[in-house]
Amino acid sequence: MPELPEVETVRRGLEPALVGARFARVTLRRPNLRFPFPERFAERLEGRTVTDLSRRAKYLTAGLDSGETLIMHLGMSGRFDVALPDGRNLSPGDFYLEGALGVPKHDHVVMAMGTGATVTYNDVRRFGFMDLVPTGDLAACRHFAGMGIEPLSAALTGEAIARLFRHKITPLKSALLDQRLIAGLGNIYVCEALHRAGLHPETPAGVLARTDGRPTPKAKLLARVIGQVLTEAVAAGGSTLRDYTHTDGTAGAFQHAFRVYDRTGAACTRPGCGGTVARIVQSGRSTFYCAACQPGAGRIPAR
Ligand SMILES: [Zn+2]
């Protein structure tokens, strides 16, 4: 499943093909993806120019000169293929082969742009979706209402973490995955960030706030390393975009850089640590951490 850095990599890859370009012809090959397409979807896109392409959590948002915004979610296996007028073919952030590359039956939306480029949405499992909402209502629309702060932005600070986690006794891992608090962080990057911050995943989230509500040093550190982990992953996705090939459909570009995720039994990579990566299950999902440098739940190590 594409996580936030992969979606950001896709956004950067699509930007030159979409922004400033007009939808000349939009072809839907089926009536729905995960949800039905919006009413008169193709008509509402055709003739419209894309003014900007942004990302909110794991959603792509393309602003249109009609005053509507096209929302796109990649689901489990969604990917875009960009055929440029000069014959070059790009698949921005193409981390998922699953045998689908070049299989037309999984090409569900074909967008012919006025520039001559063709942007094709391909989705084997069809958990992705597209929607159109008035741009003025974007923040309140059903996809974004109640959504937490954006982790790859200046909004994620130690102060914000302290404010959101104060008085919470839920484990840090669960609090970080709660989309109503911080939106778009997935299992992999939460494990990686907690390791870098030296925080045990079962630590009650509230300990990151002092009694007066101000952030602890660990809250500030956690905010910083979340940004670092995501930024590094985006950079890795971008740099390997051209020549990255998969055989098993599961690997991601950032995988080589994981310090704890899926490394059960391996030596901790923190210099001088000497610990071993362990796996526990929280809320039905695997958590990977190092018991040596992410010690005991319920207290903050004085590292
Ligand atoms: Zn360690």
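Count residues from 1 along the sequence.
Inspection of the Thr69 and Thr135 side chains reveals an N or O donor paired with an N or O acceptor under 3.5 Å.
With sequence neighbours excluded, no residue forms a salt bridge (Lys or Arg N to Asp or Glu O under 4.0 Å) with Arg263. Under the salt bridge (Lys or Arg N to Asp or Glu O under 4.0 Å) criterion, Glu159 pairs with no residue at all, not counting sequence neighbours.
Arg180 CZ: 12 or fewer foreign heavy atoms inside a 6.0 Å radius.
Looking at Glu150, its side chain does come within 3.5 Å of a backbone N or O of Ala57 through a donor-acceptor pair. Judged purely by atom type and a 3.5 angstrom limit, Lys168 has no side-chain atom pairing as donor or acceptor with the backbone of Ala175. For the pair Glu192 (side chain) and Tyr261 (backbone), a donor-acceptor distance under 3.5 Å is present. The main-chain N or O of Arg259 is never found under 3.5 Å from a side-chain atom of Arg196 such that the two would form a donor-acceptor pair. Between the side chain of Lys58 and the backbone N or O of His73, no donor-acceptor pair lies under 3.5 Å.
Note on residues 14-28: pairs passing side chain to side chain donor-acceptor pair (under 3.5 Å), not counting sequence neighbours, are Arg11-Glu15. Here salt bridge (charged side-chain N to carboxylate O under 4.0 Å, His left out) pairs that include residues 30-45, with residues two or more places apart or in two chains, are Arg40-Glu43, Arg44-Glu68. Sequence neighbours left out, not one pair with a member in residues 108-120 passes salt bridge (charged side-chain N to carboxylate O under 4.0 Å, His left out).
The side-chain heavy atoms of Cys293 and His195, taken from C-beta on, include a pair separated by under 4.5 Å. Using a 4.5 Å cut-off on side-chain heavy atoms (C-beta onward), Val109 and Phe80 make no contact. Between Leu194 and Leu222, some side-chain heavy-atom pair lies under the 4.5 Å cut-off.
Ala21 and Ala17 make their closest contact through CB-O, 3.5 Å (heavy atoms, listed as atom of the first residue, atom of the second, distance).
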Quick one: side chains of residues 272-289, donor-acceptor pairs under 3.5 Å with protein atoms, not counting sequence neighbours, listed by atom name and distance.
residue : atom : partner : partner atom : Å
Arg279  : NE   : Ser286  : OG           : 2.9
Arg279  : NH2  : Ser286  : OG           : 3.2
Gln282  : OE1  : Thr287  : OG1          : 2.6
Gln282  : NE2  : Pro201  : O            : 3.4
Thr287  : OG1  : Lys173  : NZ           : 2.6

